[in-house]
Amino acid sequence: MKTIEIYRHYFIWNTPLVLSMARQIEFELSARQGAFCCCGRLATGFHAATCKKFQAKVIKATVQRLRKQYPDICPNPRCAKNVQHGQPGKTGKHDNRHGKRGEIEMTAGKDPQT
């Protein structure tokens, strides 16, 4: 999965937590970078809010921190682990590689004979 897809999944999972963490990481990165942005331009508040490279760094760092703090929440929205946490999907898959093995068919609200 791409980093932005993982970020969206965490965002849907717990929006206030992700927003506060992203704001905190943005502040830490902007304090660490000094006078110039990672793209080479002068780092102002407006530029940091609109710079695609800087925002990509913020999203990547947020996803990394979320993965460390919440390892039991899988970023794959169709994973069986997420069904345990109240996030239903049509099929639940979980393997270390999210491969074909370990596929579980979710039959919520369906007759098992059909």
Side-chain angles (χ1 to χ4, degrees):
M1 294 178 74
K2 293 183 179 180
T3 306
I4 191 71
E5 293 171 349
I6 297 170
Y7 180 79
R8 286 180 187 149
H9 173 69
Y10 282 124
F11 189 81
I12 291 169
W13 171 67
N14 194 341
T15 303
L17 174 75
V18 173
L19 285 177
S20 65
M21 189 176 289
R23 219 176 291 131
Q24 178 185 4
I25 290 173
E26 183 176 357
F27 179 74
E28 291 171 3
L29 288 176
S30 64
R32 204 180 324 152
Q33 71 185 1
F36 291 97
C37 183
C38 56
C39 68
R41 291 190 170 196
L42 188 62
T44 62
F46 178 73
H47 177 74
T50 58
C51 180
K52 290 182 182 180
K53 287 186 178 182
F54 183 72
Q55 291 302 318
K57 284 179 97 173
V58 169
I59 289 172
K60 185 176 179 181
T62 304
V63 167
Q64 288 174 350
R65 192 173 293 178
L66 283 167
R67 280 187 169 170
K68 285 181 183 176
Q69 287 186 356
Y70 302 99
D72 58 331
I73 302 298
C74 182
N76 185 356
R78 296 174 65 131
C79 178
K81 286 171 64 176
N82 295 331
V83 176
Q84 297 170 359
H85 298 288
Q87 300 173 357
K90 292 182 182 176
T91 60
K93 299 178 183 177
H94 191 68
D95 190 359
N96 290 337
R97 299 178 312 273
H98 293 289
K100 297 290 182 186
R101 291 185 292 157
E103 193 168 310
I104 302 167
E105 186 66 32
M106 297 295 169
T107 57
K110 294 183 180 177
D111 188 21
Q113 285 82 17
T114 58

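Computed from a predicted model, the values in this text were never measured in an experiment.
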Can you give the donor-acceptor pairs under 3.5 Å from side chains of residues 29-42 to other protein atoms, not counting sequence neighbours?
unit_1, atom_1, unit_2, atom_2, d
Ser30, OG, Glu26, O, 3.1
Ser30, OG, Phe27, O, 3.0

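In terms of heavy atoms, Ala22 sits closest to Thr62 at CA-OG1, 3.7 Å.
By the side-chain contact (heavy atoms from CB on, under 4.5 Å) test, Leu19 is found to be paired with Phe11, Thr15, Arg23, residues two or more places apart in sequence or in another chain being considered. With sequence neighbours excluded, the residues forming a salt bridge (charged side-chain N to carboxylate O under 4.0 Å, His left out) with Arg65 are Glu28, listed by chain and number. Looking at residues two or more places apart in sequence or on another chain, you find a ring-ring contact (aromatic ring centres under 6.0 Å, His included) between Tyr70 and Trp13.
By the 4.5 Å heavy-atom criterion applied to side chains, Leu17 and Tyr10 are not counted as neighbours.
Between the CD1 atom in Ile4 and the CD1 atom in Ile59 there is a gap of 4.0 Å [rounded to 0.5 Å]. The line from CD1 of Ile25 to NZ of Lys60 is 12.5 Å long, rounded to the nearest 0.5 Å.
Annotation: side chain to side chain donor-acceptor pair (under 3.5 Å) contacts involving residues 47-58, sequence neighbours excluded, are absent.
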